[in-house]
Amino acid sequence: MEDGFISYHTRPDGERYFTNADMARMVARGLIDPEDRWELIRGAWFDMGSEGFEHMTARTRIVRTVIEQMVGRNDVEISTEASIFLSHDTEVRPDVVIYRADVSSNEMTGDDMSLVIEIMKTSQRRDRELKLPVYAAAGVPEVWLVDLDGKTVEVCRAPDTAAAAYAKTATAAFTEALSPGAFPSVSLRVSDLL
């Protein structure tokens, strides 16, 4: 960004993209409101839009349930919509992330996270096709895609970083009890949370 103009970078195939540093400069210059809800996924800027009541309720209840079941654990933190920098051109804000307590959210890498939960009401395409491969490439060990419309949870485990995909995926109904691989004592039945 020179003289107030917004600059971008160009990939070898001609695709234009932004970096995390570009976005930070735009925020610093007042071109982006720091309170706006957006994500940068492989250089593409996505507005997240306003959050609906059903989405907010699901996130709040999932977080409350996880916290209640993990009382006394000092080795992990639970955060909602934290800015996570997965590469130089990717900043995501997952709905829920459980990560190591000894790292800050803006410094964590994929294997610092135990579980990422994305709650989908209108974001199914972006979360499945764009964000899930980014999480796999970064080595996030487990991702849950909670589909409020489909009433299912896609559980994705065993990231293949080279293929940017998860080797193990399963779809569970909201009525099934689910436990994160890293925390088998935690049990969530999404239907109880809505």
Side-chain angles (χ1 to χ4, degrees), residues 15-20 22-23 26-27 32-66 78-99 105-106 108 110 113-157 159-160 163-166 168-176 178 180 188-194:
E15 178 188 15
R16 297 175 180 177
Y17 71 99
F18 293 112
T19 66
N20 297 327
D22 297 329
M23 299 302 285
M26 285 189 264
V27 169
I32 300 173
D33 185 333
E35 301 301 315
D36 283 351
R37 299 178 75 240
W38 55 268
E39 293 179 304
L40 187 67
I41 304 172
R42 293 187 174 150
W45 176 5
F46 293 90
D47 283 318
M48 294 171 67
S50 60
E51 181 179 48
F53 179 75
E54 187 179 5
H55 184 280
M56 179 185 70
T57 299
R59 187 186 73 232
T60 301
R61 290 179 177 171
I62 287 170
V63 169
R64 183 183 66 218
T65 302
V66 171
I78 301 165
S79 184
T80 64
E81 294 191 343
S83 291
I84 299 173
F85 303 93
L86 295 178
S87 69
H88 78 287
D89 63 358
T90 299
E91 177 183 351
V92 293
R93 291 179 173 87
D95 289 299
V96 180
V97 61
I98 302 173
Y99 61 97
S105 65
N106 65 343
M108 73 175 77
M113 295 175 250
S114 301
L115 174 66
V116 165
I117 301 175
E118 292 286 359
I119 300 166
M120 307 181 302
K121 179 65 179 168
T122 59
S123 61
Q124 285 89 340
R125 180 186 165 278
R126 183 174 69 230
D127 289 339
R128 282 189 185 110
E129 297 176 17
L130 301 177
K131 291 177 78 173
L132 192 60
V134 166
Y135 289 135
V140 176
E142 185 168 357
V143 177
W144 291 3
L145 300 177
V146 179
D147 188 337
L148 296 177
D149 292 326
K151 305 286 189 246
T152 59
V153 180
E154 295 172 47
V155 177
C156 307
R157 293 178 173 151
D160 180 339
Y166 283 88
K168 297 179 182 177
T169 60
T171 301
F174 273 9
T175 54
E176 294 180 50
L178 299 172
L188 293 172
R189 191 182 313 272
V190 177
S191 59
D192 294 342
L193 307 174
L194 303 177

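- A distance of 14.0 Å separates CE in M56 from NZ in K121, rounded to the nearest 0.5 Å.
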Audit row: F174, L148, side chain to side chain contact (heavy atoms under 4.5 Å, CB included) steps and yes/no: CA-CA 9 Å; F174 273 9; L148 296 177; 4.3 Å; yes
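- Not counting sequence neighbours, K168 has no partner by the salt bridge (Lys or Arg N to Asp or Glu O under 4.0 Å) test.
- Partners of D127 under the side-chain hydrogen bond (donor to acceptor under 3.5 Å, both in side chains) rule, at least two apart in sequence or in another chain, are S123.
- Taking CG of L178 as the reference point, atom CZ of R189 lies at 9.0 Å (rounded to 0.5 Å).
- The minimum heavy-atom distance linking M113 with V116 is given by the pair SD-CG2, 3.8 Å.
- With sequence neighbours left out, the salt bridge (Lys or Arg N to Asp or Glu O under 4.0 Å) criterion links R128 to D147, E154.
- Rounding to the nearest 0.5 Å places OG1 of T60 at 10.0 Å from NE2 of H55.
- Looking at heavy atoms from C-beta onward, V96 lies in side-chain contact with R59 at the 4.5 angstrom threshold.
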Candidate pair V134 and E39, rule side chain to side chain contact (heavy atoms under 4.5 Å, CB included), full reasoning: CA-CA 12 Å; V134 166; E39 293 179 304; over 6 Å; no
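- Judged by distance alone, with hydrogens and angles left aside, the side-chain atoms of T169 form no donor-acceptor pair with the main-chain N or O of C156 at under 3.5 Å.
- Counting all heavy atoms, side chain and backbone alike, Y166 lies closest to V140 at OH-O, 2.7 Å.
- Among residues two or more places apart in sequence or in another chain, the side-chain hydrogen bond (donor to acceptor under 3.5 Å, both in side chains) test is passed with T152 by none.
- A pairwise comparison of heavy atoms in A82 and P94 identifies O-CD, 3.7 Å as the closest pair.
- In this structure E118 satisfies the salt bridge (Lys or Arg N to Asp or Glu O under 4.0 Å) test together with K131, sequence neighbours excluded.
- Remark: side-chain polar atoms of R157 are not paired, donor with acceptor, to backbone N or O of E142 under 3.5 angstrom.
- Annotation: the span from R42 atom CZ to D89 atom CG amounts to 8.5 Å, rounded to 0.5 Å.
- Closest approach of A165 and A136 over heavy atoms only: N-CB, 3.3 Å.
- The salt bridge (Lys or Arg N to Asp or Glu O under 4.0 Å) test applied to R93 returns E91, not counting sequence neighbours.
- The CG atom of D95 sits 10.0 Å away from the CE atom of M120 when rounded to the nearest 0.5 Å.
- With rounding to the nearest 0.5 angstrom, the CG atom of L40 is 8.5 Å from the CZ atom of F18.
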Stepwise side chain to side chain contact (heavy atoms under 4.5 Å, CB included) check, Y99 with I84: CA-CA 11 Å; Y99 61 97; I84 299 173; over 6 Å; no
